[in-house]
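If you're wondering where the values come from, they're calculated on a predicted model, not measured in any experiment. So you know, we letter chains A, B, ... as the sequences are listed, proteins then strands, and number each from 1.
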Amino acid sequence: MKKLQLIASMMLGLAAAGSVSADAGKDTYTKVCAVCHAGGIAAAPRYGNAADWGPRIAKGVPTLYQSALKGTPKGMPAKGGNLTLPDASVKAAVDYMVAAAGGAKAAAEPKADAKKEAKAEPKKEAKPEPKKEAAKEAAKEEAPKAAAAPAPAAVAAAPLVQEGASAADVNSFNRLLKPAGKRNLPPPEDGIHDPANDGTHALQPPLAAFGSLPKSFAGNRVNWVEAIGSGKIKPRWDRTDLTAEPIVMDMNVVREVKGSMPDVVYPHKQHTQWLDCSNCHPAIFTPQKGANQISMASILLGEKCGVCHGKVAFPVSECRLCHSKKKDLVKPATAAAR
Amino acid sequence: MRKLLTGLRGGLFVGLVLALAAVLFVDIQDAQAEYGDVVINNHSDAATMRPVIFPHWFHRVRFACKVCHADLGFKFKAGGNDINMVKIIDGQFCGACHNGEVAWSVENCNLCHSAKPGTPTQVHESTIQKLAQPSGASQKK
């Protein structure tokens, strides 16, 4: 399983690694390395995480340069999969990540000291980048304490800081799936709004708005197609002209899929209720059946259908909404026999 | 020979599909993205304002995508529009509506500038964000 994840994330990494004209380490990091190193895909050492990087930095920075340039058997692709990158850019990106993890100092101090380190020098770290990352991590942890001390090492320290709570939770029923009660939280609890801001408390909680709308099983759990179809919501088609109506075009485009998955039916109807032709044509899709290369990997990476789906429209987990046309499974079988 | 080749190719394909499945597996386990809030922080932190949270879901209840993404020219990219306050008070971007006529006006700073300081630009809880979950980290939510 792990190996597969590696392959998969390498695919993602390769697909993501577009053309890069970077000289600065930060630029290279953002464009190429962050795909894996921001969140730790395939167990890549995470950006700004001293515990992940400490033992590696201990090997010496030149060794890390080599790993980054040549790749490692455990999943680091050579140059992050972007072989056209100049060596200097790759090294700069390594420097950038090493610095964010506390630099060579982190290697000298054993992991157990991460907590101490976090407490001892939150002010000294003035670099904006690690601070952001730490705040993001802290937001995920929903630990207000950690947010107050946004030092890079706070990321590593966070699990240690949470004393009693995590011990009770290790064998909770759902380790990764978010329980129903934690979905669509009101702004002060959602991890990104600042509860100390008075405006936060004046905002509408999502569930107050969603209560009267038809439900779905994914995303923000609203079936937006039905909501607009049944007239539960009437989004304006013009900023001020209340009489403007969309020109809905009912045209399906079938995309045949290799393998066992049902074919994809792309419906113009549900899209043109919301969108203008110019939103998709020609920037995202050439308006010609089959003229566009679309794959699930690109959708997951936020391209093609993934520009919207998984960000502001229903996510990829709802396979059957897109893969909706049953196909004749006999045909491929006979083809294989030949 | 031919059989072998097709076999090989088949194997590769299965491999790819499995690899994809692995990604999806992670996704399904973890995710069910709850897209809806866009954090915009190109300038806010530097200007010591709280970053902006744009409640996307709230606006789509009231306007079709076309209004913002075609008529008003918002690009499909969180943080991709280089918005600032001058543009807003001159009636561009958020200011096309938050002008005291279509919606409340700009003096309500804290309704827009409502994020925890330091929150990076993002589509909160989007699938791509979920795919990049820390692998070894504590998954407490």
Practice task
Taking the side chain as every heavy atom from C-beta outward, state whether Asp71(B) and Trp237(A) have any atom pair closer than 4.5 Å.
Solution key: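 Result no, sub-4.5 Å side-chain heavy-atom pair not found.
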Handout entry: pair Pro235(A)-Arg60(B): side-chain heavy atoms closer than 4.5 Å
Key =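 No, too far: nothing below the 4.5 Å cut-off.
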Region of [X] in contact with chain A, defined by heavy-atom distances below 4.5 Å:
{"X": "Val102(B)", "result": "side chain"}
{"X": "His124(B)", "result": "side chain"}
{"X": "Ala96(B)", "result": "both"}
{"X": "Leu111(B)", "result": "both"}
{"X": "His113(B)", "result": "backbone"}
{"X": "Phe63(B)", "result": "both"}

Reported [atom1]-to-[atom2] distance for the pair [X] and [Y], which is rounded to 0.5 angstrom:
{"X": "Lys66(B)", "Y": "Cys277(A)", "atom1": "NZ", "atom2": "SG", "answer": "11.0 Å"}
{"X": "Thr127(B)", "Y": "Leu301(A)", "atom1": "OG1", "atom2": "CG", "answer": "11.0 Å"}
{"X": "Glu101(B)", "Y": "Arg239(A)", "atom1": "CD", "atom2": "CZ", "answer": "8.5 Å"}
{"X": "His201(A)", "Y": "Ser114(B)", "atom1": "NE2", "atom2": "OG", "answer": "10.5 Å"}

Practice task
Identify which of Asp276(A), Ile284(A), Asn279(A), Asp198(A) forms the greatest number of heavy-atom pairs closer than 4.5 Å to chain B.
Solution key: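 With the most close heavy-atom pairs to chain B, the winner is Asn279(A).
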Problem - Nearest atoms (heavy-atom pairs only) where Cys65(B) meets Leu275(A) - result: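 Closest pair (atom of Cys65(B), atom of Leu275(A), distance): CB-CD2, 3.6 Å.
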Problem - Shortest non-hydrogen separation from Arg236(A) to Val67(B) and the atoms involved - result: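 Distance-wise, the nearest heavy atoms are O-CG2, 3.5 Å.
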Engaged part of [X] at the chain B interface, taking heavy atoms whose separation is under 4.5 Å:
{"X": "Lys234(A)", "result": "backbone"}
{"X": "Val312(A)", "result": "both"}
{"X": "Pro206(A)", "result": "both"}
{"X": "Ile228(A)", "result": "neither"}

Practice task
Under the side chain to side chain contact (heavy atoms under 4.5 Å, CB included) rule, what do Arg50(B) and Asn197(A) come out as? Steps first, then yes or no, please.
Solution key: CA-CA 9 Å; Arg50(B) 289 187 177 90; Asn197(A) 169 37; 3.6 Å; yes
Practice task
Please lay out, stage by stage, how Thr119(B) and His193(A) fare under the test side chain to side chain contact (heavy atoms under 4.5 Å, CB included).
Solution key: CA-CA 9 Å; Thr119(B) 313; His193(A) 283 88; over 6 Å; no
Practice task
Could you check which of Pro51(B), Pro55(B), Ala64(B) has the highest count of heavy-atom pairs closer than 4.5 Å to chain A?
Solution key: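 When all of Pro51(B), Pro55(B), Ala64(B) are compared, Ala64(B) has the most.
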Handout entry: Within 6.0 angstrom of Lys304(A) NZ, more than 12 heavy atoms from elsewhere
Key =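 Counting other residues, nucleotides and ligands, NZ of Lys304(A) exceeds 12 neighbours.
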Exercise for the section: List the steps and the verdict of side chain to side chain contact (heavy atoms under 4.5 Å, CB included) for Ile192(A) and Lys116(B). Expected result: CA-CA 6 Å; Ile192(A) 50 172; Lys116(B) 288 182 184 161; over 6 Å; no
Exercise for the section: Give the C-alpha distance, both sets of side-chain angles, the deciding distance and a yes or no for side chain to side chain contact (heavy atoms under 4.5 Å, CB included) between Leu203(A) and Phe58(B). Expected result: CA-CA 10 Å; Leu203(A) 298 172; Phe58(B) 180 94; over 6 Å; no
Exercise for the section: Decide if the gap between the ring center of Phe210(A) and the ring center of Trp57(B) is smaller than 6.0 angstrom. Expected result: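 Phe210(A) vs Trp57(B): aromatic centres under 6.0 Å.
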